[in-house]
Structure formats: structure tokens, C-alpha cells
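Working notes, structure below.
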Number of protein chains: 2
Amino acid sequence: MASSTDTEPLLRKIESLARFTLSTAERSALADIPMRVQALRADQDIVRLGDRPSRCCVLLEGFACVYKMTADGKRQITAFHIPGDIPDLQSLHLRTLDNSVGTLTACRVGFVDHEVLQVLCHTHPRIAGVLWRETLIDASIFREWMLNIGRRGAYSRLAHVLCELVTRLDAVGLVDDQTCELPMTQIELGDATGLTPVHVNRMLQEMRGAGLITLKNGSLTVHDSAGLKQIGEFDPIYLHLERPA
Amino acid sequence: MASSTDTEPLLRKIESLARFTLSTAERSALADIPMRVQALRADQDIVRLGDRPSRCCVLLEGFACVYKMTADGKRQITAFHIPGDIPDLQSLHLRTLDNSVGTLTACRVGFVDHEVLQVLCHTHPRIAGVLWRETLIDASIFREWMLNIGRRGAYSRLAHVLCELVTRLDAVGLVDDQTCELPMTQIELGDATGLTPVHVNRMLQEMRGAGLITLKNGSLTVHDSAGLKQIGEFDPIYLHLERPA
DNA sequence: CGGCGATTTGATAATGGTCAAGTGCCGTGG
DNA sequence: CCACGGCACTTGACCATTATCAAATCGCCG
């Protein structure tokens, strides 16, 4: 089962989302959540479209994504997920999954039964509100991605996704000196932006040439953060990171 | 203020979303919700990006949309809304609006204070669950639209949006004999699909030529539902209309 | 009847896709 | 230790879908 270090990413996530200070009772309820922890390799599905899961998964370590496919096999990644996220929290209230969730890198994932979460929500209504809020922020990111994919050019689109990832990673302490781990392949970046890998490559080259970023070996460094944000029209309001850093 | 006929669309919506039968108490709590009703003309904003609203709006009559804009003024519609919908329910848990909501046609809208909804959620937790579910279905539709915009060709994309609208309108009883009101302009359909109005027009012509639809004077008739669904790769699973019709 | 917005159509342009070939990197196995 | 294989990345040439520009036409409302 889970040790208290396993539930820590979840606890931190809830804390950062809550617009109030957690009570001792809430805190210990979260720390004691029964969680089945599992290690997964890269490129594995955690849950699949059509599943009717009886549990949610908390991403403890690694990168994952939510995706859907067209009839002819083209993939759209609808979200990237980083440690602390709950990629399928929706399944708590929607019986049938309408998307798949897969790992991008090796991951550690904690599974929590819906029943446990239902009880948690019932006995700690404020936590229910926070979880609801989490799903609303995901939805807000979806809307921004729609704008990104539907109405921005390829260069701007990629810049926006990079800005978002850096900002979100920074919020969980995974950015150090403008540098962070960014292990997704150009194919995956293409699937997230609605571009082909070839064109992603060209846009990245252009960003490198412009001195905006370095992206090599799964590591991203942003040299000109203001420039990148301007190109990506990035305004973090939609991430709803309302707490002062 | 609101008469009981005003709260009826909301009540019906909650009923159709709930996976249980509403109790008398729940039913009357919903019917008695204090609601400030307002009539709006077409193409007016109901709320705007950056607002910090203290209430939500229930669409009672008419069509509305959620949208965002790029820096250079291109618009992406992220959702269409039909009577019964609550386009800005997210604002209940997210302080600052990250999108705008505008009318597409003349509308009647009911405003409900956040405080009223908070109390409702607290005293009737099952209704809270239903409202949460509503926001999750919206998010599910966003994901499908991302796939649509990012990975489907223009023809397929438009067909998908039409299928979705007909299906949702049917679910609230607004389709009669394969025909429904569909008042959005080709510009608006373009803003929803990430296409230009010119190209929307061409695709519609092609659909007409193929004998799939008639779309004239804001009225849509689907002549070949199976064909349209196939072209749009439409599988309604993501709408989570789990009740038997 | 006049005017304006929505729709329609045609011609041309451009963004991004497809195809193809080659490079570099890393892990595995001889 | 080195050769091999595979995958991600890179680059170039060419192509196609969709955008842009422009000009009618239609239909409704005043």
C-alpha cells in the first residue's frame, strides 16, 4: 500500500489549490488516504477510453498525458500532466471514460478508490470543493488549448505550450534557474498542438535560432522568457495559480 | 424576480443530469431558487474575460457561446450553449473568469448568486454532485472539440459540430422530425471549428450537394443522419447522456 | 426602395503537411 | 570494447488544404 511519502504529492496539490488553510483533520485525512502505488514504464496506458474505472489515479512521479484518437489513427493530446495531478478525476462523476491516459515517461502512480474519494468529499466538503476546483482548472486549460490550436499559428502555438509547461512545473518547484525537465518527444508536442513532428522540429529550430530556448536531451532552458511569452501570447490567468509565490 | 416557470429549465437540466430521482426537498429547493431574469439581444456579452462575477447565469431561452480571443483579434468559440445550460458555472470556484460568454441570438438569462448556489450545494450535496458533473461534461466536450479542431479535416470537423448540436438539442426536446433551429452564422461556425467563414461555406455547400443536410434561415434539417455521423466521426459517448431516451 | 449583413463564388497565396533521406544518440549484444 | 539496430531528430523538396482577397448576390428590415 501507500506510505505517507506517497500521499505527499496529493497533499501538496490540494494545499496549493485550496484558498484556505487545511485543518488538521483535513490534512490527516489526506495523508492517510489508502493508495495503491504502481510503477509504470514510458508509453503505457493507465486507463483507456471506454473504461468504467472504480478508482482515480494520482500522478506521483513522471509525466503523463490525456489523449483521444480519430478514426484514422491521428492522436490529439488534450492535456499534459505533471506530478500531483489527477488526470482522470472526472471519472468520479462520469461513469464511462471518454479519453485515454498514458505515460510519457516512467511514472509512479497512486490509485485511490472512488468510494474513498466519495467518503472524503462527504466528510470534508471543503476538500470536495478543492477537487471540483481542480477539474475546473483542467477545463480552463482545455479552453486555452482550443484557442491555441484553433486560432494561433504554429510558432506561437508551440511557444504557448512551452510557456505553460514551464509555468506549471515552476509552480510545483520543478524549475531551477530557467531550466526544467521536458521529456516529451517532438511527436508528442505535435500531438498536443495539432502539428506534424516535422513542423514542430522546424519551429523549435526557429526558436533556437532566435535565442529563445535550448531544448536538448529532455531538458528545456528558457533564455528569453519575456520573448517566448510574447510570441506565445501567454497570460497565465487561465491557470488560476492565485496564490502568491 | 423569477417565477416558477423561470426556474423550470434549470430543474429539467438537473433532473436530466442526475443519476437518481430528485427528492421533493431537492426539487422544491431548485424551483424556489432566487433568480434575476434578464432579456438580452443577440451578440451581447453576458460576462467578460477578467470579470470576477458573484453570480452564475442560467440560459433560459436562446443560444449563447463561450469564447476567447487572440492578441490580434481572432476569436475561438470554445462552447455553444443551449437552454438549460449554465455557461459560467466554473465561476463558482474560480475567482477570475478566463473567458467571455456572449449571446448568439436574443436570450433570456437567469442570474443566480454564488452564495445561493453555495448554500444549495451545502444543504443538498447530491445537487452539488450534479453541478460538478455538469462542469465535467463541459470539459469532456472541450476535449472532443480539441480533437476535432486539432486532428480532423475541415469537412469532418463541421459535420462533427453539427452532429453534436443536433444531439444536444434533441436531448432537450428541441429537434422535431430531424429539424432544429440552428441560428449561428457561418462566421460563428468558423470560430467554433477554427476555420474561416469562406471555408465553412464551401464545406456546407458540399454537404448540401451530398444530400446530407439542409441549412437555411437558421434552420437545420439532417437528411442523412448516419452519413453525417460517419463523416464527423461522431460518437456521442463524450456527451455522457447516460439516460435512456 | 435602399442598405447592410450574411452568404456565395472565383482566383490566388501561404501555412503547414507529406515524403524521403540522412544524422546522431543510446542501449544491447557479440 | 565495438558493431548494430532503433528511435528521435533534422533537413530538403514538393504538395495540399485552407486562408486571403475580392466581388457578386441574396434576404431582411427600415
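In what follows, every heavy atom counts, from backbone to side chain, and hydrogens, waters and symmetry copies are set aside. In what follows, chains carry the letters A, B, and so on, assigned in the order in which the sequence lines appear, proteins first and then strands, with residues in each chain numbered from 1.
- Rounded to whole Å, atom P of D:dA19 lies 17 Å from atom CZ of A:R152.
- Heavy atoms of A:G218 sit nowhere under 4.0 angstrom from any nucleic acid atom.
- Between the OH atom of A:Y155 and the C1' atom of C:dG17 there is a distance of 20 Å, rounded to whole Å.
- A salt bridge links B:D6 to B:R108: at least one charged side-chain nitrogen sits closer than 4.0 Å to a carboxylate oxygen.
- If you measure from atom CE of B:M207 to atom P of C:dT7, you get 15 Å, rounded to the nearest angstrom.
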Close N or O pairs between protein and nucleotides 18-23 of chain C (under 3.5 Å):
residue : atom : partner : partner atom : Å
C:dT18  : O4   : A:R202  : NH2          : 3.0

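- Distance A:L189 CG to D:dC9 C1': 12 Å, rounded to the nearest Å.
- At a threshold of 4.0 Å, the pair B:R48-B:D45 counts as salt-bridged, since one of the basic side-chain nitrogens sits closer than that to a carboxylate oxygen.
- B:K74 and B:D72 are joined by a salt bridge, as a carboxylate oxygen and a charged side-chain nitrogen come within less than 4.0 angstrom of each other.
- Both A:L195 and A:N217 lie close to DNA chain C; mapped to their nearest nucleotides by heavy-atom distance, the more 5′-ward contact belongs to A:L195.
- Taking a cutoff of 4.0 Å between a charged side-chain nitrogen and a carboxylate oxygen, B:E8 and B:K13 do not qualify as a salt bridge.
- In this structure, CG of A:L215 is placed 8 Å from P of D:dC9, rounded to the nearest angstrom.
- With respect to B:D191 and A:R151, a salt bridge is recorded, a charged nitrogen being found less than 4.0 Å from a carboxylate O.
- A salt bridge is defined here as a Lys NZ or Arg NE, NH1 or NH2 lying under 4.0 Å from an Asp or Glu carboxylate O, and B:D170 with B:R168 fails to meet this definition.
- OP1 or OP2 of C:dT7 has not a single side-chain nitrogen or oxygen of B:N201 nearer than 4.0 Å.
- Here A:G194 lies in heavy-atom contact (under 4.0 Å) with sugar-phosphate atoms only.
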### Task
Go through the steps for A:T179 and A:T221 under the test side chain to side chain donor-acceptor pair (under 3.5 Å), then give the verdict.
CA-CA 4 Å; A:T179 300; A:T221 303; 2.9 Å; yes
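- The stretch residues 179-187 of chain A touches DNA chain D through A:T185, A:Q186, each having a heavy atom under 4.0 angstrom from the strand.
- Within the 4.0 angstrom heavy-atom criterion, no nucleotide atom of any strand lies near B:L204.
- The distance from atom CG of B:L158 to atom C1' of D:dT17 is 14 Å, rounded to the nearest whole Å.
- The distance from atom CD of B:Q205 to atom P of C:dG10 is 10 Å, rounded to the nearest whole Å.
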### Task
May I have the step-by-step check of salt bridge (charged side-chain N to carboxylate O under 4.0 Å, His left out) for A:R152 and A:E144, ending in yes or no?
CA-CA 11 Å; A:R152 291 197 185 106; A:E144 184 67 26; 3.1 Å; yes
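- Taking 4.0 angstrom as the limit, A:R151 places none of its side-chain polar atoms (N or O) nearer than this to OP1 or OP2 of D:dT18.
- Taking atom CD1 of residue B:I149 and atom C1' of nucleotide D:dT17, one finds them 17 Å apart after rounding to whole Å.
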### Task
Go through B:H160 and B:Y238 one step at a time and tell me if the ring-ring contact (aromatic ring centres under 6.0 Å, His included) criterion holds.
CA-CA 12 Å; B:H160 191 282; B:Y238 72 96; 5.7 Å; yes
